[in-house]
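Presented below is the structure to which this report refers.
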Amino acid sequence: MAYTLLTDISMLVTVAAGSRGRKSGEEMRDIGVITDGAMLFNEKILWTGRTDEAQNYLENTSITAEIRSANGKTVMPGFVDSHTHIVFAGSRANEFARRLRGTTYQEIAAEGGGILRTMRATRAATEDELYETGRHIAIAAMQYGTTTIEIKSGYGLTVESELNLLRAANRLRKDLSQRVVVTFMGAHDFPPEFSQNRDEYVQIVCDEMLPAAAGLAEFCDVFTDTGYFTVEQSKKILKTAANLGFRLKVHADELSPFGAAEMAAALGSISADHLLFCSEAGMDAMKNAGTIATLLPGTAYSLRLPYAPARAMLDRGLSVAIATDCNPGSCYMENMQLALSLSCVNMRLTVEESVTAATLNGAAALGISDITGSLEMGKYADFLILDCAEYSELVYHFGGNRVSEVWIAGKRTV
Ligand code: NIG
Ligand code: FE
């Protein structure tokens, strides 16, 4: 692939981390800005530096490149949305309207709504329909700058229907311009068939679903919370998954303080996600184990719950990632720029911390920060050109779309 030299970048936000592949605590404030920057890339990044050094570099290496000016705009790594549930069927707009009138998420779930409503629509849908829903959302997410997206199953809750979701997600992985990482989440809820015998469902997840999902998903995730999977049940599933070669994630302490963060840390989970009700002990355990705290501020916003204790996590030196949690129930939002805005204004992250959380640390939460998430030599040229001269406009000028170009592996996709 031919080389392109992008010059006259007012702020080249590299988020460079060298071989560390993630940033923790105070390091998250350093986003490696090069003013009047330039970047040389084909599929991958060959060089970053200042525009006035670029000509010299080209001459010394005798590389020929097409030169393109960024005209004084900001360039940053593409967003890595490391937590979504975008393959599903049906709408829960009605439930959302009820929640605005005061009914809680848990009350709706207890009536057989919530995840189970989406489950019924999903079981009735074809693989093509599930694929189309995911495609539509992923493309919208890309317009807002998402260059890598994780996709979970979890609305089928039978072997057959979970496999349908995983196959749809894998087709998206092949067809979309974005990088896609697939997660199996058969332990998202208990289907009504097993409401009286929950352990039997856990057994089916372990004995039938996980072996069938191996090869179709890289991660296994479990919803460990009040009314969903207990710590014991979650452990059983996650240990079985680890033995089959899955990497682990946990929906932890989203609705109540449940000891799920502690469990995620003890099992060597790459991340614990949500954490609205994470305890101090949970944070300490995650810090000691190196578990990434993936925060999903859109969910707290949409459920009107208190936000995750992001500042306490950063002050402890945790690695924090942010993602959308895009799903039809608790947070129907695919826009990472909005996740940054909520993170800064409501979780008190600085702009720099939120940029690191949404790029490099998101990639780390997917185990791919060696290939994407920052603009450094050897990584894929997955980047955004913003329509502004300063990166802080990304959060300052909110509610619209600051992304004017999206590039993935050196190819323009938006
Ligand atoms: O991440 N917590 C579990 N799963 C989703 C919600 C799923 C739904 O309501 O459909 C979440 O919030
Ligand atoms: Fe989620």
Side-chain angles (χ1 to χ4, degrees), residues 81-99 103-123 125 130 133-134 137 149-157 161-162 165 169 181-191 219-229 234 237 248-256 258 260-261 264 269 271-278 292-308 321-334 339 342 362 365-366:
D81 190 350
S82 63
H83 182 139
T84 84
H85 310 249
I86 61 167
V87 281
F88 63 86
S91 166
R92 307 232 304 268
N94 227 332
E95 288 184 357
F96 181 73
R98 278 185 65 203
R99 285 204 283 109
T103 314
T104 66
Y105 183 82
Q106 284 95 326
E107 283 163 354
I108 291 171
E111 294 167 4
I115 293 174
L116 297 184
R117 175 182 301 275
T118 304
M119 177 207 75
R120 288 188 291 274
T122 299
R123 285 182 179 178
L130 300 169
T133 304
I137 297 174
I149 191 163
E150 184 253 18
I151 303 177
K152 300 178 200 293
S153 73
Y155 288 114
L157 312 182
S161 186
E162 285 297 310
L165 289 161
V181 175
V182 180
T183 297
F184 164 73
M185 199 175 175
H188 194 190
D189 200 347
F190 293 94
F219 285 90
C220 173
D221 194 340
V222 175
F223 189 6
T224 309
D225 220 314
T226 305
Y228 295 86
F229 293 78
S234 305
I237 294 166
L248 310 181
K249 288 187 171 288
V250 179
H251 274 63
D253 306 323
E254 174 182 357
L255 304 171
S256 65
F258 204 64
S269 181
S271 68
D273 301 31
H274 284 288
L275 302 169
L276 305 189
F277 295 95
C278 184
I292 295 171
T294 299
L295 308 184
L296 309 155
T299 311
Y301 173 80
S302 179
L303 293 180
R304 285 187 176 144
L305 290 174
Y307 287 79
I322 58 182
T324 63
D325 194 26
C326 186
N327 75 76
S330 64
C331 184
Y332 200 11
M333 166 187 91
E334 65 274 72
L342 294 170
L366 296 177

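Every number for a ligand or one of its atoms is a count from 1 in the order of the listing.
- The contact set between ligand 1 and S330, taken as ligand atoms under 4.0 Å from a residue heavy atom, comprises 5 (C), 6 (C), 9 (O), 11 (C), 12 (O).
- For D325, the nearest N, O or S atom to the Fe ion (ligand 2) falls under 2.8 Å.
- Atoms of ligand 1 found under 4.0 Å from any heavy atom of E254 (numbered from 1 in listed order, with element): 1 (O), 2 (N), 3 (C), 11 (C), 12 (O).
- For F229 and F190, the distance between ring centers is under 6.0 angstrom.
- Of all protein heavy atoms, the one lying nearest to atom 5 (C) of ligand 1 is H188 NE2, 3.7 Å.
- Here E111 pairs with R98 under the salt bridge (Lys or Arg N to Asp or Glu O under 4.0 Å) rule; sequence neighbours left out.
- For the 3.5 Å distance criterion, the side chains of H251 and H188 fail to qualify, holding no donor opposite an acceptor.
- Each of the atoms 6 (C), 7 (C), 8 (C), 9 (O) of ligand 1 lies under 4.0 Å from some heavy atom of Y105.
- Close approach of ligand 1 to Y155 (heavy-atom distance below 4.0 Å) involves ligand atoms 7 (C), 8 (C), 10 (O).
- Contact analysis leaves T118 out of contact with ligand 1, as no non-hydrogen atom separation drops below 4.0 angstrom.
- In H83, the N, O or S atom that comes nearest to the Fe ion (ligand 2) is NE2.
- Backbone or side-chain N, O or S atoms of H251 reach the Fe ion (ligand 2) at under 2.8 Å.
- No donor-acceptor contact under 3.5 angstrom links the side chains of S91 and N94, judged on distance only.
- Judged by the shortest distance from any of its heavy atoms, F88 lies outside the 4.0 Å radius around the atoms of ligand 1.
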